[in-house]
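We count ligands from 1, going down the list as the structure has it; atoms in each ligand are counted the same way.
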Amino acid sequence: MKIGICNDHAGVEYKNRLVEYLTGKGYEMVNFGTDTTDSMDYPDVAHPLATAVENGEVELGIAFCGTGNGMAMALNHHQGIRAGLCWSVEIGKLIKQHNNANVLVMPARFIPFETVLEITDAWLGEEFEGGRHQGRIDKIPCK
Ligand code: RB5
């Protein structure tokens, strides 16, 4: 599976460590983030990642910024994106089961890297439940 990943300056270290982890598990990672800790604007990398998910260049996306909120806000402006902000394993499971989140967003400055690995594994390992949740996510895009 091809996964796009993006980050601002606050998420460089976690991005690099997660790319190494997921590449080792056989995922093909496409980097849309910055590779330096120089201050930059998260929308400049969030929008290219969102577009890549929307057009099928990558199947899923992962994004880091300091709080995760800037990335989630920018990503969710795209009609085809359901970006879920996660800080616990349980939420990581639920954003797939209930929201079929196609981008996982995590707050690099507020969770330890071990939690990043646990959340990522949980999100990737779950299935969307469909049913009543399908009708709900169908209502998300603005007409
Ligand atoms: C950068 O300092 C910080 O504002 C950014 O990483 C993010 O938290 C924004 O939402």
Number the atoms of ligand 1 from 1 as they appear, then name those within less than 4.0 Å of a heavy atom of [X], with their elements.
X   : answer
C65 : 6 (O), 7 (C), 8 (O), 9 (C), 10 (O)
A10 : 6 (O)
Y42 : 9 (C), 10 (O)
G66 : 5 (C), 6 (O), 7 (C), 8 (O)
H9  : 1 (C), 2 (O)

With W123, which of M106, K96, K93 fulfils side chain to side chain contact (heavy atoms under 4.5 Å, CB included)?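 With W123 as partner, M106, K96, K93 yield a single side chain to side chain contact (heavy atoms under 4.5 Å, CB included), made by K96.
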
Candidate list I95, T67, N69, test side chain to side chain contact (heavy atoms under 4.5 Å, CB included), partner L85, passing option: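 For L85, the side chain to side chain contact (heavy atoms under 4.5 Å, CB included) check succeeds only for N69.
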
Evaluate the side chain to side chain contact (heavy atoms under 4.5 Å, CB included) criterion for residues Y27 and V19: first the C-alpha distance (whole Å), next the side-chain angles of each, then the deciding distance (0.1 Å), finally the verdict. CA-CA 9 Å; Y27 292 97; V19 165; over 6 Å; no

For atom 2 (O) of ligand 1, grab the closest protein heavy atom and report residue, atom and distance to one decimal in Å.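 Minimum-distance protein heavy atom for atom 2 (O) of ligand 1 reads R109 NH1, 3.1 Å.
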
Quick one: does I111's side chain get under 4.5 Å of V116's, heavy atoms only?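 When only atoms from C-beta onward are counted, V116 and I111 do touch, with a gap below 4.5 Å.
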
Just go through P43, S39, G11, G70 and tell me whose heavy atom is the nearest to atom 10 (O) of ligand 1.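 Residue with the shortest heavy-atom distance to the ligand atom: G70.
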
State whether any protein heavy atom lies less than 4.0 Å from atom 4 (O) of ligand 1.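 False for atom 4 (O) of ligand 1.
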
Applying a 4.0 Å heavy-atom criterion (strictly less than), which segment of T67 is in contact with ligand 1: side chain, backbone, both, or neither?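 Near ligand 1, T67 shows its backbone as well as its side chain.
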
Give me the ring orientation class for H47 and H78: parallel if the planes are under 30° apart, tilted from 30 to 60°, perpendicular past 60°.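 Aromatic pair H47/H78 classed tilted.
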
